Amino acid sequence: MSWLPTLVRACYFIAALLFILGLKRMSSPRTARGGIVWAGVGMLLAVLATFALPDMHNRGLILAAVVIGVAAAWWSGRRVAMTAMPQMVALYNGMGGGAAAAIGAVELVAHARRAAVAVPDTAPLRPESWALDALHPVAAVAPLSPVELVLGVLGALIGAVSFSGSLVAFAKLQGWMDRRFVFPGQRAVNLLILLLALVHGAMLATGHLTVPATAAFFVLALLFGLMMTLPIGGADMPVVISLYNAFTGLAVAFEGFVLGNEAMIIAGMVVGAAGTLLTQLMAKAMNRSLGNVLFGSFGAAAGGAAQEIAGSQKPIEAADAAVMMAYAERVAIVPGYGMAVAQAQHKVWEFARLLIERGVKVRFAIHPVAGRMPGHMNVLLAEAGVPYDLIADMDDINPEFPATDVALVIGANDVVNPMAKTDPASPIYGMPILDVAAARNVIVIKRGRGTGFAGIENALFYADNTRMLYGDGQAAAGELVAQLKALDA
Amino acid sequence: MSWLPTLVRACYFIAALLFILGLKRMSSPRTARGGIVWAGVGMLLAVLATFALPDMHNRGLILAAVVIGVAAAWWSGRRVAMTAMPQMVALYNGMGGGAAAAIGAVELVAHARRAAVAVPDTAPLRPESWALDALHPVAAVAPLSPVELVLGVLGALIGAVSFSGSLVAFAKLQGWMDRRFVFPGQRAVNLLILLLALVHGAMLATGHLTVPATAAFFVLALLFGLMMTLPIGGADMPVVISLYNAFTGLAVAFEGFVLGNEAMIIAGMVVGAAGTLLTQLMAKAMNRSLGNVLFGSFGAAAGGAAQEIAGSQKPIEAADAAVMMAYAERVAIVPGYGMAVAQAQHKVWEFARLLIERGVKVRFAIHPVAGRMPGHMNVLLAEAGVPYDLIADMDDINPEFPATDVALVIGANDVVNPMAKTDPASPIYGMPILDVAAARNVIVIKRGRGTGFAGIENALFYADNTRMLYGDGQAAAGELVAQLKALDA
Amino acid sequence: MLDGFLALYIFMLAAFTGYEIIARVPVILHTPLMSGSNFVHGIVLVGAMIALGHARTPFETALGFVAVLLGAGNAAGGYVVTERMLEMFKSSRKPGDQA
Amino acid sequence: MLDGFLALYIFMLAAFTGYEIIARVPVILHTPLMSGSNFVHGIVLVGAMIALGHARTPFETALGFVAVLLGAGNAAGGYVVTERMLEMFKSSRKPGDQA
Ligand SMILES: NC(=O)c1ccc[n+]([C@@H]2O[C@H](COP(=O)([O-])OP(=O)(O)OC[C@H]3O[C@@H](n4cnc5c(N)ncnc54)[C@H](OP(=O)(O)O)[C@@H]3O)[C@@H](O)[C@H]2O)c1
Ligand SMILES: NC(=O)c1ccc[n+]([C@@H]2O[C@H](COP(=O)([O-])OP(=O)(O)OC[C@H]3O[C@@H](n4cnc5c(N)ncnc54)[C@H](OP(=O)(O)O)[C@@H]3O)[C@@H](O)[C@H]2O)c1
């Protein structure tokens with residue numbers, strides 16, 4: 001054993017350490033930014049070290065693929081809008097799953113080739129043996145061991161599912177696939193596909209490595225990812241993406257075991273476990289169970305016995321709204337997806353600052369699933385420079401609404417819909433909401449009578465103490481600012 | 001390889017898993033009790049599995065030693081008083097350190113014997129090789145590898161230090177060793193001993209395994225543990241015990257590496273890391289740094305430029321104290337070490353209940369280092385059945401003292417000593433205290449003019465709004481109860 | 001099976017580590033953390049490089065090439081997106097003391 | 001060195017696991033947790049049994065005997081003391097809802 005592989009393994013160790021430390025930092029708001037840099041340094045180290053490995057062929061090809069892949073992803077990641085982040089995560093995650101599946105395929109094919117030759121490869125034919133020594137000192141030059149075969153196949157399966165599933169999630173969030181794809185007996189069909197994929201996987205794992213079986217296995221796995229994701233509504237996509245993220249982690253760990261690469265095992269497993277927990281936390285924040293997200297029928301009941309809403313929407317002028325808030329004691333601002341679409345956060349914060357200067361107590365009330373990803377509103381408000389201490393969680397602010405003079409809802413709909421509490425037929429029934437209806441006055445900024453994500457009516461807009469300020473979020477907030485300034489002039 | 005060792009390793013794996021899960025449960029008050037049972041099941045499994053190992057000699061001796069050790073520890077652990085718990089932890093922890101050191105000694109001696117034979121042992125001579133295969137497939141029948149030697153020596157060193165240090169901690173807390181042992185140049189001497197121990201350890205690790213060197217190494221290591229612990233005051237012992245606990249964990253992990261025993265590696269390392277963090281947390285709760293605890297001169301300045309206290313202690317009768325509290329609106333009860341000594345928690349809670357029945361708002365104010373171990377007061381109050389919501393942390397209750405009518409201090413001294421804030425010469429200067437002096441009236445229950453742990457006067461007892469209720473904690477609380485009942489009769 | 005145990009230990013401990021890191025993370029960080037862990041499994045790039053580096057047949061080489069391409073996309077894209085998300089936390093760190 | 005790396009990974013991951021378990025533990029549990037982790041390193045008993053089980057010379061046997069004795073004391077004593085400390089949490093769990 002030369003010193004070079006040892007050095008490479010040392011780099012891998014440091015990389016694994018940096019990944020863990022980086023993730024640790026990322027899980028606290030104060031240190032989050034540094035975290036990604038730590039993990040990035042680890043990645044760079046691991047990749048450079050791998051380039052330096054002896055006995056690597058196709059170095060030119062490797063470099064080309066790395067450069068192309070990095071350039072394309074970097075470019076696309078830089079230019080997407082902030083609101084499109086979730087689907088980009090889905091896309092990149094799918095790529096990782098695809099890579100794991102492809103590695104599994106290479107290993108299976110190479111295993112079949114080696115098994116066919118009957119005599120085991122000599123060392124130079126399979127020079128990655130240095131990396132394998134540790135985990136299976138004897139099997140290094142022999143074909144894969146049974147455990148490796150099983151984990152390799154399993155990793156390929158999970159990776160392929162994550163690949164096609166993530167691509168569907170991407171397409172849905174990107175708006176390329178508006179309709180949910182549902183048909184009777186769907187679950188049975190999906191189960192059948194999964195079973196068939198598992199059967200083919202078992203064949204591969206037990207050494208029946210024919211070309212048709214391998215091809216069928218991958219096609220079935222990809223198909224399952226597709227079919228499993230198609231019926232899920234876009235509102236649940238962040239949870240699904242998080243789940244596939246954990247899947248990819250697992251797949252990477254399993255393929256890492258096959259390659260005898262400890263950095264992959266550890267990074268993959270850490271992500272697998274972290275992602276599983278994160279998925280549960282996200283589902284919980286939306287008051288859903290994971291099973292309900294994956295197999296539930298979100299929105300299926302919508303339009304059924306929907307509750308009729310009495311009354312009418314009462315409009316208000318910006319000037320009146322501005323005066324109302326200028327002389328209020330407490331104002332709560334409730335942003336939603338519409339604020340993100342209108343990129344109104346800067347104007348909203350300017351308006352809030354003017355109110356604060358006048359002595360009004362202003363707080364931002366954030367629902368955990370406002371917007372299109374967890375923390376969406378926090379990110380936007382942080383971008384605009386709103387200090388943390390003005391931002392209140394749902395649990396903190398809900399008891400305060402009765403003492404609030406004006407609740408200013410801007411571009412939020414589902415998260416303030418009282419029907420989540422009153423109408424069992426509503427698709428959002430049971431979701432905890434921001435209790436704005438309890439405020440003395442409610443002003444709602446939205447463009448018109450558009451519904452929110454769940455596609456349902458909102459009784460709040462028809463309430464006696466609610467006034468509608470129609471218009472684009474940014475424009476409306478700008479007008480409020482102008483009116484407020486005019487007040488003082 | 002037969003199936004038996006595999007089964008044993010599976011048991012070890014499950015044991016390691018149960019240890020981690022058990023510790024996880026122990027770190028939350030709701031699940032803490034179950035945690036120790038989980039860990040206990042893991043331990044039982046590991047020990048039984050080890051008995052089943054093939055090729056074990058001396059089974060009778062092993063059984064005898066286990067039975068004697070378990071019986072003695074079980075008996076002593078069952079019968080000690082609650083207040084003596086910390087020193088028992090020290091004692092058992094020292095035993096663990098001693099065991100690790102003894103294992104290191106056996107391995108070193110066996111290594112020397114084998115190296116002297118020159119030809120490597122054959123398999124039956126070193127049948128634990130099955131356990132070693134994994135970590136060093138080739139070296140199984142050869143003498144220890146350099147890394148193993150180094151870790152084995154290091155583990156023995158750390159274990160021996162933990163052994164003698166823990167015994168000193170035990171003796172101090174048990175009251176067998178009242179005086180701190182200090183002399184000029186002590187640090188230099190300690191450093192010298194450590195250096196000598198390291199030099200001898202390096203000799204052993206590099207193969208110079210003579211009998212004198214080995215003996216000298218262990219004597220020096222034990223001496224260092226002794227010398228390092230002697231100068232530390234009893235008040236800091238819980239922190240020191242926690243540190244030695246982490247030490248023992250490390251030593252066990254290192255010896256586990258030498259034996260190729262994964263359960264030891266993982267359990268030891270988990271405890272090593274957990275114990276290190278715990279040590280820091282405990283030091284922080286006492287407002288000390290770890291370095292200050294180990295090398296500081298706690299109490300050295302005491303008696304020096306101690307501040308003179310003006311005024312006198314003003315006694316009060318139990319009847320008057322009872323009336324005062326019966327007609328108060330808010331009462332804060334501040335327990336300290338004296339309540340533990342007097343085992344007065346039940347009477348105190350009875351008294352508090354009577355007050356609550358009369359409509360008085362009662363809260364228990366707990367200082368993090370009241371008593372003689374962190375959480376000491378919480379444990380006692382929990383034993384008496386005081387509900388959690390009546391128990392307040394220092395940070396929570398301090399702002400409330402100005403609105404408190406009566407603060408009833410029972411057996412607390414240092415933790416309510418205002419000189420921690422005012423007198424820089426005081427040994428407790430800088431420690432955050434419970435701000436009872438801010439209460440409208442203070443009643444202090446203690447036996448006489450005894451000082452607290454730090455051995456210093458307390459200005460609180462001389463304050464204008466303080467009244468002293470002299471007597472044993474339990475008796476005084478009992479009298480308060482009687483007086484309160486008499487009030488209603 | 002021997003090596004299997006060591007792998008099992010590593011799997012178990014890595015899982016605990018990952019789980020514990022995420023436990024008690026605030027909602028606001030869910031999405032950046034998802035993105036950050038998405039970046040971390042970009043380490044698959046290293047495996048893809050090794051697979052391509054040891055490919056023998058044209059088919060294996062083609063598969064390996066795709067793997068490296070995808071792996072590089074995962075790593076680079078994951079980094080950029082996470083970095084952009086977390087950048088948002090900069091401005092608000094100054095006014096608020098702690099979160 | 002090869003096996004050294006695997007051991008290093010296990011050391012690292014076990015350390016993270018231990019650290020994360022303790023992070024954010026309430027003061028009230030410091031002492032029981034110290035005692036509980038004291039019990040856990042009682043696993044040294046297993047190593048002592050192996051050492052005694054493979055002792056060849058009388059000296060090794062004597063050392064091994066002491067090791068088992070001490071290890072057994074660590075494990076049994078650690079269990080009893082921890083169990084007694086934690087028993088205290090029983091009574092107060094009912095009145096308070098959560099801690
Ligand atoms: N956070 C997550 O993780 C996540 C992920 C996926 C889905 N979801 C789901 O998304 C929903 C979030 O609720 P939400 O209240 O934030 O949003 P919402 O229910 O989707 O409502 C958004 C509202 O904003 C208005 N709007 C759109 N563009 C606007 C613009 N340019 N200016 C002003 N208003 C505009 C729309 O009405 P007009 O058309 O009349 O203007 C619409 O009613 C929930 O159902 C949640 O379950 C959440
Ligand atoms: N919690 C920990 O982890 C820990 C560990 C070690 C040391 N310490 C140290 O211990 C101290 C704890 O402070 P503390 O205020 O709880 O206790 P303290 O300062 O030790 O004071 C205890 C007081 O209780 C009185 N007392 C003793 N027996 C009594 C009885 N039977 N009935 C009534 N009163 C009795 C004593 O006065 P009389 O003699 O006049 O009755 C004494 O003044 C701090 O200095 C702390 O740093 C803490």
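Only heavy atoms go into these numbers, but all of them, side chains included; no hydrogens, no water, no symmetry mates. Numbers restart at 1 for each chain; the letters A, B, ... are given by sequence-line order, proteins then strands. Fair warning: this is a prediction, and the values are worked out from it, not measured in the lab.
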Min side-chain heavy-atom separation [X]-[Y] under 4.5 Å:
{"X": "A:Tyr12", "Y": "C:Val46", "answer": "yes"}
{"X": "A:Phe51", "Y": "C:Met49", "answer": "yes"}
{"X": "A:Val37", "Y": "C:Tyr79", "answer": "yes"}
{"X": "A:Leu23", "Y": "C:Ser37", "answer": "yes"}
{"X": "C:Met34", "Y": "A:Asn93", "answer": "no"}
{"X": "C:Met85", "Y": "A:Val89", "answer": "yes"}

Largest heavy-atom contact set with chain C, pairs under 4.5 Å, which of [options]:
{"options": "A:Gly272, A:Ala99, A:Ala273", "answer": "A:Ala99"}
{"options": "A:Leu380, A:Val369, A:Leu281", "answer": "A:Leu281"}
{"options": "A:Val271, A:Ile391, A:Thr279, A:Ile20", "answer": "A:Val271"}
{"options": "A:Ile266, A:Leu390, A:Val80", "answer": "A:Val80"}
{"options": "A:Ala15, A:Gly40, A:Ser76", "answer": "A:Gly40"}

Exercise: identify the closest heavy-atom pair between [X] and [Y]:
{"X": "A:Ala274", "Y": "C:Ile22", "value": "CB-CG1, 3.2 Å"}
{"X": "C:Val68", "Y": "A:Ala65", "value": "CG1-CB, 3.5 Å"}
{"X": "C:Gly73", "Y": "A:Ala73", "value": "O-CB, 3.4 Å"}
{"X": "A:Val66", "Y": "C:Ala72", "value": "O-CB, 3.8 Å"}

Which atoms of [X] approach chain C - backbone, side chain, both or neither, heavy atom under 4.5 Å:
{"X": "A:Val67", "value": "neither"}
{"X": "A:Arg79", "value": "backbone"}
{"X": "A:Thr276", "value": "neither"}
{"X": "A:Ala72", "value": "neither"}
{"X": "A:Met264", "value": "both"}
{"X": "A:Pro238", "value": "backbone"}

Please work out which of the three classes, parallel, tilted or perpendicular, describes the rings of C:Phe11 and A:Phe257, given edges at 30° and 60°.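 The rings of A:Phe257 and C:Phe11 sit tilted, inter-plane angle from 30° to 60°.
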Heavy-atom pairs under 4.5 Å with chain A: which of [options] has the most?
{"options": "C:Thr82, C:Ile21, C:Ile43", "answer": "C:Ile43"}
{"options": "C:Leu69, C:Val25, C:Thr31", "answer": "C:Thr31"}
{"options": "C:Thr61, C:Val81, C:Leu45", "answer": "C:Val81"}
{"options": "C:Leu13, C:Leu63, C:Thr17, C:Val66", "answer": "C:Leu63"}

Find the distance between [atom1] ([X]) and [atom2] ([Y]) and round it off to the nearest 0.5 Å.
{"X": "C:Leu6", "Y": "A:Glu262", "atom1": "CG", "atom2": "CD", "value": "11.0 Å"}
{"X": "C:Leu70", "Y": "A:Met95", "atom1": "CG", "atom2": "CE", "value": "6.0 Å"}
{"X": "C:Phe16", "Y": "A:Met269", "atom1": "CZ", "atom2": "CE", "value": "11.0 Å"}
{"X": "A:Ile265", "Y": "C:Ile10", "atom1": "CD1", "atom2": "CD1", "value": "6.0 Å"}

Any donor-acceptor pair under 3.5 Å linking the side chain of [X] with the backbone of [Y]?
{"X": "A:Asn58", "Y": "C:Gly53", "value": "no"}
{"X": "A:Arg113", "Y": "C:Thr57", "value": "no"}
{"X": "C:Arg84", "Y": "A:Ala81", "value": "no"}

Using the rule side chain to side chain contact (heavy atoms under 4.5 Å, CB included), only one of A:Leu91, A:Asn245, A:Ile241 pairs with C:Asn38; which is it? A:Asn245
Using a strict threshold of under 4.0 Å (side-chain N to carboxylate O), is an ion pair present between A:Arg78 and C:Glu83?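 Salt bridge flag = yes for A:Arg78 with C:Glu83.
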State whether a side-chain donor-acceptor pair under 3.5 Å links C:His54 with A:Asp55. no
Chain A contact via C:Ala23 - side chain, backbone, both or neither, heavy atoms under 4.5 Å: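 Both backbone and side chain of C:Ala23 come within 4.5 Å of chain A.
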